[in-house]
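Basis for what follows: all heavy atoms, side chains included, without hydrogens, waters or symmetry-related copies. In the text below, chain A, chain B and the rest are named by the order of the sequence lines, each starting its count at 1. Remember, predicted model here, so these are calculated numbers, not experimental data.
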Amino acid sequence: MSRAPTVSALGFHLAVLAIVLYAVFPFYYAVITSLKTGSALFRVDYFPFSWDLHNYVTLFQQQPFGRNILNSVTVAVLVVVVSLLLSALAAYSLSRVAFRGRGLLLGTILTVSMFPQVAVLSGMFELIRALGLYNNLLGLVFAYLIFTLPFTVWVLTTFMRELPKELEEAAILDGVSPWTIVTRIFLPLLWPAMVTTGLLAFIQAWNEFLFALTFTLTDDQRTVPVAIALISGGSRYELPWGNIMAASVLVTVPVVVLVLIFQRRIIAGLTAGALKG
Amino acid sequence: MTPHPGAAPQRQPASRQSPSELTRRRTHTAWLFLAPLLAVMLSVAVWPLLRSIWFSFTDAELSLLGEAGFIGLENYLVRDGDAWYGILADPQWWAAVWNTVHFAVVSVSIETLLGLGVALVLNKTFRARGLVRAAVLIPWAIPTVVSAQIWGWMLHDQYGILNDLLLRLGLIDQAIAWTADPDRVMTVVILVDVWKTTPFMALLILAALQLLPRDCYEAARVDGIHPLRVFTRVTLPLIRPALMVAVIFRLLDALRMFDLVYVLTPNAEDTTMMSTFARQQLVDFQQVGYGSAATTMMFCLIALLTMVYITLGRVRLGATP
């Protein structure tokens, strides 16, 4: 009688192990590759035998990679701040006030999150050039709002809707202005939701490639994903894989750390964005 | 972005106001708070979209955007001599459409099945579950460009670990050029995409699974109903709405796929997607008119597919309470 449960428990744990290996192995392999140089790079190892930081050093010497990281951080932080400001205000109207056209407005905002980024590429290019923001980080901040805003508005509206009505009723009767209601009553309660949505918007902006590739021109204005995509050696066969892996590890580590710390919040945010409604 | 000054406090005892006056003022404030968002959305989404559509009816070129002249439907379809030209008659465009649809349907199907499996495993309680759930999030958190580079290295024909592993296990006789072989390149792109996005699917399904009522399962267990039957008769119907929403989100994402193929298989015609085709026309060939026709077609195709999906699947997206 006791054999069957043991076998199935073993099978279950093997499944868990397989899932973890599948998810983690490529990143693990990038880390061990990034620590190898010279001919070791072209020998397949399954375990880390070499601990050489040479690739990390040359990465910063051969190109403005430090600058690229700074660019990515700047753009992502600005996008998060602007998105949260705009959407916290809007979410109040969309969740707490019943006005005509609210459903239509929410529907339109959701539709914007669905359309492909490339559909606006030529119009956005023209606009960014007209604003003098071509090859400028502010141009990217502006363009990124097209995909962060629908998401942050949607999630914050979902969260704000769930706060009890009594909270503001008392304040309204006391004649407190809506501005004070939002900033003094709702925002403090919404901090967890703001952290989650901010984080998800940050990851979206940090990872974005199409706009960053199209709207920047010079190496010193590039963000990290573009820099990594364009790292190249003399020819197709001389790609500096050590440097590429080192760069990949560097840009992934902060995101992975954030994800590990905030995993519960992230899952809550993702499901609020996609499932509720 | 500072808040609108009109929203500044006007302290009045609310008791003096009639209810309708209060409602009117609340509606007024609601629009004030929405105004900054609407202004930004109009300028980053609506206006560029309309301009892109307009460009598709012109002969615009990248360096001379201001001198675009109206040419009607010539970018879409025009008869010159006895041949048809334009995007609708362009075999490369239709190949890109087919590649994209093929990619989206196959990868999202695999992701859904695999995601369901992973979610069912993670739904059981076991030690270190939190850790496993965090590990599963890693592929999702890695930037697509980075995962393309990592997989490009793992799939390298001479030094790649995948060939090494398969050779050691005796599953293949000689190394395979994964990303150079026209017959394999789409499969490779699909596999990498599946690796990256299955976690997202799994976590969305897991969230739905965890909302299911426990007592149903207790009752089924007591009655001795086979777990497979419980799954098809109870679990699947209950998580179906969540599943449908997760699938449409992933489909939309897959249909606009760009980063992965741009980095992993830059020169492979067999993995040219609608997005890569359009960007190539717009930026590399500087043909803004023709490229915009491609993006406009893509927009319409995706809108159409979404409407069909939502209608046929009776998906409820974003219903307000």
Side-chain angles (χ1 to χ4, degrees), chain A residues 15-16 19-20 23-24 26-27 29-30 42 44 82 85-86 89-90 92-93 97 99 103 106-107 110 112 114-116 118-124 126-127 145-146 149 172-173 175 177-180 207 209-210 214 225 228-229 241 244 248 251-252 255-256 259-260 263 267 271 274-275 277, chain B residues 1 7 9 11-14 26-27 29-30 33-34 36-37 40 44-45 48-49 51-52 55 65 118 121 132 134-139 141-143 145-146 149-150 153-154 159 161 164 203-204 207 242 245-246 249 252 256 258-259 263 275 278 282-283 288 292 295 298-299 302 318-320:
Chain A
V16 171
I19 292 172
V20 173
V24 176
F27 184 61
Y29 191 63
F42 302 106
V44 177
V82 175
L85 270 177
L86 292 176
L89 271 184
Y92 170 78
S93 307
V97 187
F99 58 89
L106 266 170
L110 189 68
V112 173
M114 290 178 168
F115 67 66
V118 78
V120 299
L121 200 63
S122 51
M124 189 73 91
E126 183 198 40
L127 184 58
L145 292 175
I146 193 178
L149 274 179
I172 292 171
L173 286 180
S177 77
W179 173 247
T180 317
N207 293 357
F209 181 62
L210 175 63
T214 311
I228 290 182
W241 287 107
I244 295 178
S248 300
V251 296
T252 307
V255 188
V256 168
V259 166
L260 294 186
Q263 55 139 324
I267 294 169
T271 44
L275 296 189
Chain B
M1 291 281 161
R11 290 192 180 272
Q12 273 179 24
R26 267 174 79 77
T27 310
T29 315
F33 281 11
L34 276 169
L37 175 82
V40 172
V44 298
L49 180 69
R51 285 300 289 177
S52 297
F55 280 135
L65 272 186
V118 173
V121 168
V132 172
V136 165
L137 268 175
I138 289 179
I142 293 180
V145 170
V146 169
Q149 293 283 30
I150 293 178
W153 174 233
M154 290 180 41
Y159 315 114
I161 190 169
D164 184 78
L203 290 173
L204 290 189
V245 176
F249 271 83
L252 289 166
R256 62 190 164 201
F258 177 81
D259 313 14
V263 177
S275 290
L282 280 170
V283 180
V288 172
S292 298
T295 62
M298 183 177 166
F299 178 77
I302 290 181
T320 44

- request: Sort B:Ile161 into side chain, backbone, both or neither according to what part of it lies under 4.5 angstrom from a heavy atom of chain A.
  value: both
query: Where on B:Leu252 is there a heavy atom nearer than 4.5 Å to chain A: the side chain, the backbone, both, or neither?
result: side chain
Locate the shortest heavy-atom distance separating [X] from [Y]; write the atom from each residue and the value.
X	Y	answer
B:Ala278	A:Val118	CB-CG2, 4.3 Å
B:Ile150	A:Pro26	CG2-O, 3.4 Å
B:Ser292	A:Ser122	OG-OG, 2.8 Å
A:Ala229	B:Val263	CB-CG2, 3.8 Å

Given that the side chain runs from C-beta out, which part of [X] has a heavy atom under 4.5 Å from chain B: side chain, backbone, both or neither?
X	value
A:Ile244	side chain
A:Leu127	side chain
A:Tyr92	side chain
A:Leu210	both
A:Ile19	side chain
A:Tyr29	side chain

field: Inter-residue atom distance B:Leu49.CG - A:Leu121.CG, 0.5 Å rounding
entry: 12.0 Å
task: Can you measure from CG (B:Leu37) to CG (A:Leu89) and round to the nearest 0.5 angstrom?
output: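 Here the rounded value is 9.5 Å.
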- prompt: Does A:Gly123 offer a backbone N or O that forms a donor-acceptor pair with the side chain of B:Ser52 under 3.5 Å?
  reply: yes
field: Backbone N/O of A:Met114 and side chain of B:Arg256: donor-acceptor pair under 3.5 Å
entry: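 Yes, because the side chain of B:Arg256 sits within donor-acceptor range (under 3.5 Å) of the backbone of A:Met114.
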message: Within the structure provided, determine whether A:Val16 and B:Val121 are in side-chain contact (heavy-atom separation under 4.5 Å).
response: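 Yes - at least one pair of side-chain heavy atoms lies under 4.5 Å apart.
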- prompt: Got B:Phe33 and A:Val97 here, is their nearest side-chain heavy-atom distance under 4.5 Å?
  reply: no
query: Using the ring of each side chain (for Trp, its six-membered ring), is B:Phe299 parallel, tilted or perpendicular to A:Phe115, with breaks at 30° and 60°?
result: perpendicular
message: If we define contacts as heavy-atom pairs under 4.5 Å, which of B:Thr27, B:Ile302, B:Val283, B:Ile142 has the most with chain A?
response: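 Highest number of heavy-atom pairs under 4.5 Å: B:Ile142.
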message: Determine whether A:Ile172 and B:Arg26 satisfy the following criterion, side-chain contact (heavy atoms from CB on, under 4.5 Å), listing intermediate values before the conclusion.
response: CA-CA 10 Å; A:Ile172 292 171; B:Arg26 267 174 79 77; 3.1 Å; yes
Most chain B-contacting option - heavy-atom pairs closer than 4.5 Å, from A:Ala30, A:Ala90, A:Ala15: A:Ala90
statement: From the list A:Ile228, A:Val20, A:Leu260, the residue making the most non-hydrogen contacts under 4.5 Å with chain B is A:Ile228
